[in-house]
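Worksheet for the structure shown next.
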Amino acid sequence: MTAAAGAGGGSAAPPPPRPVARTAELLGRRAVRAVPVGGGSICDAYQVVLAPRAERPAPGDRGHGSAPREPAGAASRAAADAADAADSPDSPDAADAESAGSATTVFAKALDAAPADFFAAEAAGLARLRATGTVPVPEVYAAERDVLVLQWIEPGAPERAAAERLGRELAALHGTAAPSWGTPGQPCYLGPLPLTSPPRPTADPAAWPGFHAEHRLLPLLRAAVDSGRIDPREARDVERVCDRLDDEAVAGPPQPPAVIHGDLWSGNVHWTADGRAVLIDPAAQGGHPETDLAMLELFGCPELPVLLAAYEEVRPLPGRRARVPLHQLQHLLVHAVLFGGGYGAESGAAARAALG
């Protein structure tokens with residue numbers, strides 16, 4: 001939607017959506033165009049084209065929003081500087097900048113009534129993944145209570161070569177040790193649901209069964225039971241899984257915490273116009289690598305056999321196939337809590353399959 005004053009002195013353009021206005025404010029630019037785009041299942045999202053920093057609207061011209069102020073504070077100045085870097089010829093956004101006359105294109109998303117630390121947690125998750133140097137993720141330009149502004153990465157079609165490369169990158173990611181299970185002392189969300197972590201960091205491989213039961217499966221099961229979205233029989237089967245997680249026949253061999261994406265369904269793999277696969281919307285944490293792979297399989301992913309074969313060339317996982325239902329159980333419970341429907345029954349079926 002392009003804002004423009006009505007021809008012949010007509011009425012002023014309507015104000016932009018709040019996430020667009022906030023993006024312009026935070027980055028100290030005028031928003032010249034904003035287009036709604038997919039933002040996952042819970043957020044409103046926009047592709048926002050920002051005018052060059054040097055451009056200033058004429059007096060009284062609100063353009064697509066009010067005239068931007070210089071961003072206040074170190075965080076906002078850093079956001080503006082990061083967006084300026086996207087104007088560089090070497091930036092992934094250089095094509096956008098050139099086609100828009102040195103404008104900058106960004107991605108902005110918002111969630112009504114988001115928890116205060118919701119977008120800060122996502123930004124921290126992206127930083128956690130980026131710090132491993134293994135997988136590509138978008139740059140963060142601003143993370144405020146009401147909006148998250150990221151690098152715009154032009155979408156493209158899935159390609160076999162990109163899937164193969166992503167498989168190797170995920171294997172490298174999962175080979176990166178995490179300092180603890182979960183994110184002790186830091187927020188983490190799976191969709192809109194907060195995830196808890198141990199009060200003190202622990203990286204003991206033997207601690208995973210207790211961590212996974214206490215901080216992942218059982219809180220979700222309680223929420224599903226309390227909302228009537230799983231019946232008692234299915235709930236008992238999930239509890240049986242929690243009771244047997246210390247059995248290697250169910251859980252597999254001990255695994256130290258690795259850095260994982262944490263919410264790796266196919267919608268969080270962003271296939272790009274330049275033939276890459278970029279990871280977005282993480283619930284990044286110290287976790288079990290097989291959780292990421294099982295999530296990719298839960299709802300399908302383009303070129304998945306190619307991706308998994310490339311992964312296992314680097315990081316073989318004997319016996320993983322039998323453990324897929326176990327590692328899908330957490331995400332099925334999330335869907336039971338959020339959406340109900342048949343996900344409660346699917347959770348029970350996955351629990352029974354995990355028990356063999």
Side-chain angles (χ1 to χ4, degrees), residues 39-43 109 111 115 117-132 134-138 140 143 148 150 166-167 169-198 201-203 207-208 211-220 223 255-270 277-299 301 307 311 315 317 320 323-324 326-335 337-338:
S41 59
I42 61 173
C43 290
K109 69 177 183 177
L111 175 65
D117 54 6
F118 183 76
F119 288 126
E122 181 172 338
L126 289 168
R128 196 169 290 125
L129 296 179
R130 183 181 302 108
T132 69
T134 60
V135 292
V137 296
V140 177
L148 179 69
L150 304 175
L166 178 59
E169 290 169 340
L170 285 174
L173 174 69
H174 294 161
T176 305
S180 176
W181 297 107
T183 58
Q186 299 180 26
C188 188
Y189 290 84
L190 187 52
L193 303 178
L195 299 178
T196 63
S197 291
T202 176
W208 181 78
F211 161 77
H212 197 60
E214 179 181 351
H215 295 283
R216 296 297 178 262
L217 298 182
L218 289 175
L220 293 168
Q255 161 73 45
V259 179
I260 66 171
H261 179 282
D263 191 12
L264 196 58
W265 70 292
S266 61
N268 288 341
V269 178
H270 180 75
V278 174
L279 301 189
I280 59 174
D281 292 354
Q285 59 189 281
H288 199 299
E290 293 182 28
T291 300
D292 274 351
L293 302 181
M295 183 59 168
L296 278 175
E297 294 180 273
L298 183 57
F299 298 115
C301 179
L307 187 160
Y311 181 103
R315 194 171 184 276
L317 294 170
R320 185 187 74 84
R323 298 187 291 271
V324 168
L326 169 63
H327 290 282
Q328 290 179 339
L329 181 53
Q330 172 189 354
H331 297 286
L332 288 168
L333 286 169
V334 167
H335 281 70
V337 172
L338 295 177

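With sequence neighbours excluded, no residue forms a salt bridge (Lys or Arg N to Asp or Glu O under 4.0 Å) with E214. Applying the side-chain hydrogen bond (donor to acceptor under 3.5 Å, both in side chains) rule to T176 yields no partners; only residues at least two apart in sequence or on another chain are considered. In terms of the side-chain hydrogen bond (donor to acceptor under 3.5 Å, both in side chains) criterion, residue partners of E290 (sequence neighbours excluded) are, by chain and number, R323. Taking Y311 as the reference, H174 meet the ring pair (Phe, Tyr, Trp, His ring centres under 6.0 Å) condition, with sequence neighbours excluded.
Residues L170 and L296 have side chains in contact (heavy-atom distance under 4.5 Å, counting atoms from C-beta outward). Using a 4.5 Å cut-off on side-chain heavy atoms (C-beta onward), L279 and V269 make contact. In this structure the side chain of T134 never reaches within 4.5 angstrom of the side chain of V259, judged on heavy atoms. Between L293 and L317, the closest side-chain pair of non-hydrogen atoms falls below 4.5 Å. A 4.5 Å side-chain heavy-atom check between R315 and P289 finds at least one atom pair inside the cut-off. For the pair D281 and D263, the minimum side-chain heavy-atom distance is 4.5 Å or more. Side-chain contact between C43 and F119: present, with at least one pair of heavy atoms (C-beta onward) separated by less than 4.5 Å. At least one side-chain heavy atom of L129 sits less than 4.5 Å from a side-chain heavy atom of H261.
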Expected list for residues 326-335: side-chain donor-acceptor pairs under 3.5 angstrom, two or more places apart:
unit_1 : atom_1 : unit_2 : atom_2 : d
H327   : ND1    : T291   : OG1    : 3.1
Q328   : NE2    : A294   : O      : 3.1
H335   : ND1    : H331   : O      : 2.9

Distance-only donor-acceptor pairs under 3.5 Å for side chains of residues 184-191, two or more places apart:
unit_1 : atom_1 : unit_2 : atom_2 : d
Q186   : OE1    : R128   : NH2    : 2.6
Y189   : OH     : D117   : OD1    : 2.5

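For the residue pair P282 and G125, the shortest heavy atom distance occurs at CG-C, 3.8 Å. Nearest heavy-atom pair across D292 and G262 is OD1-N, 3.0 Å. Summarising the geometry of A283 relative to Q285, their closest heavy-atom pair is O-NE2, 2.9 Å, with the distance given to 0.1 Å. Among all heavy-atom pairs drawn from P219 and A213, the shortest one is CD-O, 3.8 Å. The two residues P136 and A277 have their closest heavy-atom pair at CG-O, 3.3 Å. Of all heavy-atom pairs spanning A223 and V337, the tightest one is CB-CG2, 3.8 Å.
Rounded to the nearest 0.5 Å, atoms CZ (F211) and NE2 (H288) are 11.5 Å apart. In this structure, CG in L166 is found 9.5 Å from CG in L173, a value given to the nearest 0.5 Å. Separating the CG atom in L338 from the CD1 atom in I42 is a distance of 8.0 Å, to the nearest 0.5 Å. For the atom pair CG of L195 and NE2 of H215, the computed distance is 11.0 Å after rounding to the nearest 0.5 Å.
At distances below 3.5 Å, not a single donor-acceptor pair connects side-chain atoms of S266 with backbone N or O atoms of C301. Side chain of R130 to backbone of V135: no donor-acceptor contact under 3.5 angstrom is found.
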